[in-house]
Protein chains: 2
Amino acid sequence: MGPTADRAELASRFRAHGLKATPQRLAIYRALLQTFEHPSAETLFRRVRRTMPSLSLGTVYKTLDSLEAAQLITRLSGVEESARYDAKLEPHHHLICTRCKKVIDVTVPDLPAPAQLGAFEITGVHVQFLGHCGDCLKGERI
Amino acid sequence: MGPTADRAELASRFRAHGLKATPQRLAIYRALLQTFEHPSAETLFRRVRRTMPSLSLGTVYKTLDSLEAAQLITRLSGVEESARYDAKLEPHHHLICTRCKKVIDVTVPDLPAPAQLGAFEITGVHVQFLGHCGDCLKGERI
DNA sequence: ATAGATGCAAACTATTTGCATTCAA
DNA sequence: TTGAATGCAAATAGTTTGCATCTAT
């Protein structure tokens, strides 16, 4: 695991997850491994296309979906497909059901500040617990 | 503060923030105060339109923007305008610059589980520290 | 050989914008 | 009265889908 993995390493990682090791996938995954900036699909597309001009944006989206499903990559807080609003202003956090998108308020004891802060000035914290709500657990198999 | 506030209370809350107290805004804000389900703009639109058929979806979006700017409501983890991906799988969290959307990895000591869990099964936690990064602090006034 | 992946275009969803009209202050 | 807010329509951004072609296994 890591940004220095070679082609064969990455290819077998794909096959272990039932994914074919295509050049597009390898390039997209490699580009994501090589950066720390949490890029968007569009950013990866522009970057990978430089060395693979035939690449299409649709392939980037499909690839990111496959890699996420295989748990080789993660999507940042990508639970909501549309913005969700809250009129409750007291500090609180959320349980988010990744199946039905339900959001439930919870309170959490105060959080210790992160260590490696550098010059970053924190103005707020948002904690999301992801999982499955009672209704979804009750229903079909998860 | 709270879902039982009456019209005059809400209206003066708006004026205190320099917002005109229009019937649309009052209705949208009231609808958001009255629910715990963290609705989307579309959901609020459908709900409020039942008693105010002339309401437009555009007004709902503009109103939510105004209320958020006035800090009367919050938007759930609404930092990214597009999905952002990460190939780092070790548990970690993020500093998110709300100005330039930069995302920086951080590690945080283990989090205590929330108290009021009920039937919810937690599969993961994501902590987002919101604020301003060094580059943005250095630049123009915040 | 063949299931699955790609590329392209069209479709779709969420959101924003422009502008004429209306309204709260 | 007047600047801000509304409603409507058109525009945009991000993402998904359908389908013919191609390719890794």
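Labels below follow one simple rule: chain letters A, B, ... track the order of the sequence lines, proteins then strands, and each chain is numbered from 1.
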Original post:
When rounded to the nearest 0.5 angstrom, what is the spacing between CG in B:Leu67 and CD1 in B:Ile73?
Top reply: 4.5 Å
**OP:** Please report, rounded to the nearest Å, how far the C1' atom of D:dT16 is from the CD atom of A:Glu42.
**Re:** 15 Å
**OP:** Kindly indicate whether the side chain of A:His92, heavy atoms from C-beta on, has any atom under 4.5 Å from the side chain of A:Asp86.
**Re:** yes
**OP:** Send over the distance from A:Met52 CE to D:dT23 C1', rounded to a whole Å.
**Re:** 13 Å
Subject >> Value in whole Å for how far the C1' atom of D:dT6 lies from CG of B:Leu64 >> reply: 14 Å
Subject >> B:Thr35 vs B:Thr43 side-chain heavy atoms within contact, under 4.5 Å >> reply: no
Subject >> Close residues, residues 14-25 of chain A, relative to DNA chain D [heavy-atom separation under 4.0 Å] >> reply: A:Arg15, A:Lys20, A:Ala21, A:Pro23
Original post:
Atom CD of B:Glu68 and atom P of C:dT15: how far apart are they, to the nearest Å?
Top reply: 12 Å
Original post:
Which is true for A:Leu57 with a 4.0 Å heavy-atom rule: it touches a base, it touches only sugar-phosphate, or it touches nothing?
Top reply: base
**OP:** Check the distance between D:dG7's P and B:Ile28's CD1 and give it to me in whole angstrom.
**Re:** 8 Å
Subject >> Ionic contact status for B:Lys62 with B:Asp65, cut-off 4.0 Å >> reply: no
Original post:
With a 4.5 Å limit on heavy-atom distance, are the side chains of B:Thr63 and B:Leu44 in contact?
Top reply: no
**OP:** Identify, between B:Pro53 and B:Ser66, the residue whose nearest nucleotide on DNA chain D lies closer to the 5' end.
**Re:** B:Ser66
Subject >> B:Leu10 vs B:Arg25 side-chain heavy atoms within contact, under 4.5 Å >> reply: no
**OP:** Check the distance between C:dG7's C1' and A:Arg49's CZ and give it to me in whole angstrom.
**Re:** 13 Å
**OP:** Describe the nucleic acid contact of B:Ser54 in one word from base, sugar-phosphate, nothing, applying a heavy-atom distance below 4.0 Å.
**Re:** sugar-phosphate
Subject >> Atom pair distance, as rounded to whole Å: CG in A:Leu55 and P in C:dC8 >> reply: 9 Å
Subject >> Side chain A:Lys62 and base C:dG4 donor-acceptor under 3.5 Å >> reply: no
Original post:
Of the options A:Gln24, A:Gln34, A:Arg13, which is the one that meets A:Tyr29 in a side chain to side chain donor-acceptor pair (under 3.5 Å)?
Top reply: A:Arg13
Original post:
B:Tyr61 side chain N/O closer than 4.0 Å to the phosphate oxygens (OP1, OP2) of C:dT15?
Top reply: yes
Original post:
Among the nucleotides D:dT16, C:dT15, D:dC19, which one has an atom lying closest to any side-chain atom of A:Asp65?
Top reply: D:dT16
